[in-house]
Amino acid sequence: MPRTRPRPAAPQKSVQLIDRQTFIARVWKYRPGEHVSFIGPTGSGKTYLMLPLLAKSVREDLPGYLTVMKPRDKTVGEFLAAHKDTWKRTLTFPPPPVVGKRPLGWVVWPHHTNNPEADEERHRDIFLGLHRQLYVKGDCIICDDEAVSLVREMKMGPALVRIWTKGRSIGTGLWAATQRPAMVPLEMYDMAEHLFLAHDPDKRNRERFAEIGGVDPELVMSVVEHLPKFHWLYIRRSDRSMCVVGP
């Protein structure tokens, strides 16, 4: 009988690794109205990755508004100190009048008191008003560092979905970060042009990543499963391109 040769194994698919500085300087391209989503467990470095990208993307005709819900946030504080000439903190929204040149971005970071329940009601009024007014205004970036808090605690899911589904046409881009994809509306990754996914040990979460349309689901699941800490799988939906962003 003729001997049969074993069929060669299919070549392993790989995704290019790019260091973070190179990615931000040469790879990252943002157009008004595009939505950006960051999904990774607590401690994966979502804010640390998001803020440099945000700083690069804002400009005079595309201001940024970063919402902060934590009483203290070291990463955001360091960001404000490093960008004191272009970013300012405001305790409420709309921001107070500015004498001279307006900043490129506002960090909307209300005060916290010893009454968490009252704070949540007051903060909800501020953040809901921000999302409503900026959706109407257009031509801006809204950056929600804690999307789960807005959706689950402040019941703002409809306001976020409105921007995810309709904001692009008016130039309002919604950037959002969350720990788990199951805790936010599907639109957070269905409508995002740019996605950043961190390692997730939970198989159910990885399977939900595989629902992202336009990309190879098995490759997405495999890469996310084996990502080292502080590495991110970046997906650009328009051309189905992917890379791993290093620390």
Side-chain angles (χ1 to χ4, degrees), residues 9-31 34-54 56-57 73 75 141 143-152 157 160-161 164-165 168 173-247:
Q12 289 289 327
K13 295 182 179 179
S14 61
V15 179
Q16 181 183 8
L17 171 64
I18 302 176
D19 70 86
R20 190 164 301 189
Q21 289 185 346
T22 300
F23 176 83
I24 295 172
R26 301 183 182 178
V27 178
W28 176 249
K29 306 293 181 185
Y30 182 78
R31 293 178 295 183
E34 293 177 340
H35 305 313
V36 186
S37 294
F38 304 80
I39 305 175
T42 300
S44 55
K46 293 184 292 294
T47 307
Y48 194 74
L49 170 65
M50 179 171 57
L51 293 182
L53 295 172
L54 181 62
K56 183 178 180 183
S57 303
D73 193 311
T75 304
I141 297 173
C143 188
D144 292 325
D145 195 20
E146 295 287 343
V148 169
S149 294
L150 295 178
V151 171
R152 295 170 67 94
L160 272 63
V161 170
W164 275 318
T165 57
R168 181 164 185 164
L174 180 55
W175 296 31
T178 188
Q179 292 83 12
R180 296 180 58 192
M183 300 174 71
V184 292
L186 292 173
E187 287 82 0
M188 180 165 176
Y189 55 96
D190 281 348
M191 305 304 297
E193 166 65 10
H194 309 273
L195 292 111
F196 293 87
L197 310 178
H199 166 73
D200 197 315
D202 192 320
K203 183 180 178 182
R204 293 169 299 179
N205 290 343
R206 297 197 304 270
E207 289 174 346
R208 194 158 193 187
F209 293 157
E211 299 174 9
I212 299 169
V215 294
D216 183 338
E218 293 184 1
L219 180 59
V220 170
M221 289 181 63
S222 174
V223 173
V224 169
E225 182 180 6
H226 298 97
L227 280 174
K229 192 172 184 180
F230 303 132
H231 288 64
W232 293 81
L233 174 63
Y234 168 64
I235 302 172
R236 186 169 59 213
R237 297 281 290 276
S238 58
D239 60 2
R240 303 180 182 180
S241 63
M242 289 189 280
C243 71
V244 171
V245 181

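In this structure, CD in Glu146 is found 6.5 Å from OG1 in Thr47, a value given to the nearest 0.5 Å. Distance OG/Ser57 to NZ/Lys29: 10.5 Å, rounded to 0.5 Å. With values rounded to the nearest 0.5 angstrom, Ser37 atom OG is found 11.0 Å from Glu193 atom CD. If you take CD1 on Ile235 and CE on Met242, they are separated by 6.0 Å, rounding to the nearest 0.5 Å. To the nearest 0.5 angstrom, Ser241 atom OG is 3.5 Å from Arg236 atom CZ. Rounding to the nearest 0.5 Å gives a distance of 13.5 Å between CG of Leu233 and NE2 of His226.
Classified by interplanar angle (parallel below 30°, tilted 30° to 60°, perpendicular above 60°), the ring pair Trp28/Phe23 is tilted. In this structure, Trp232 and Phe38 have perpendicular ring planes: the angle between them is above 60°, well past the 30° mark.
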Subject >> Intermediate values then yes/no, ring-ring contact (aromatic ring centres under 6.0 Å, His included), Tyr30 and Trp175 >> reply: CA-CA 12 Å; Tyr30 182 78; Trp175 296 31; 5.3 Å; yes

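Between the side chain of Lys46 and the backbone N or O of Asp145 there is no donor-acceptor pair closer than 3.5 Å. In this structure, His35 contributes its side chain and Leu174 its backbone to a donor-acceptor pair below 3.5 Å. Checked by atom type and distance alone, the side chain of Arg152 never pairs as donor or acceptor with a backbone atom of Val184 at under 3.5 Å. The backbone N or O of Ser44 sits nowhere less than 3.5 Å from a side-chain atom of Lys229 that would complete a donor-acceptor pair. Judged by distance alone, with hydrogens and angles left aside, the side-chain atoms of Asp144 form no donor-acceptor pair with the main-chain N or O of Ala147 at under 3.5 Å. A donor-acceptor pair is defined here as one N or O able to donate and one able to accept, closer than 3.5 Å; such a pair exists between the side chain of His199 and the backbone of Glu225.
His194 and Glu34 are linked by a side-chain donor-acceptor pair at a separation below 3.5 angstrom, with hydrogens and angles left out of the test. Looking at Thr165 and Glu187, their side chains never bring a donor and an acceptor atom within 3.5 Å of each other.
Atom CD of Gln21 has 12 or fewer neighbouring heavy atoms from other residues, nucleotides or ligands inside a 6.0 Å radius.
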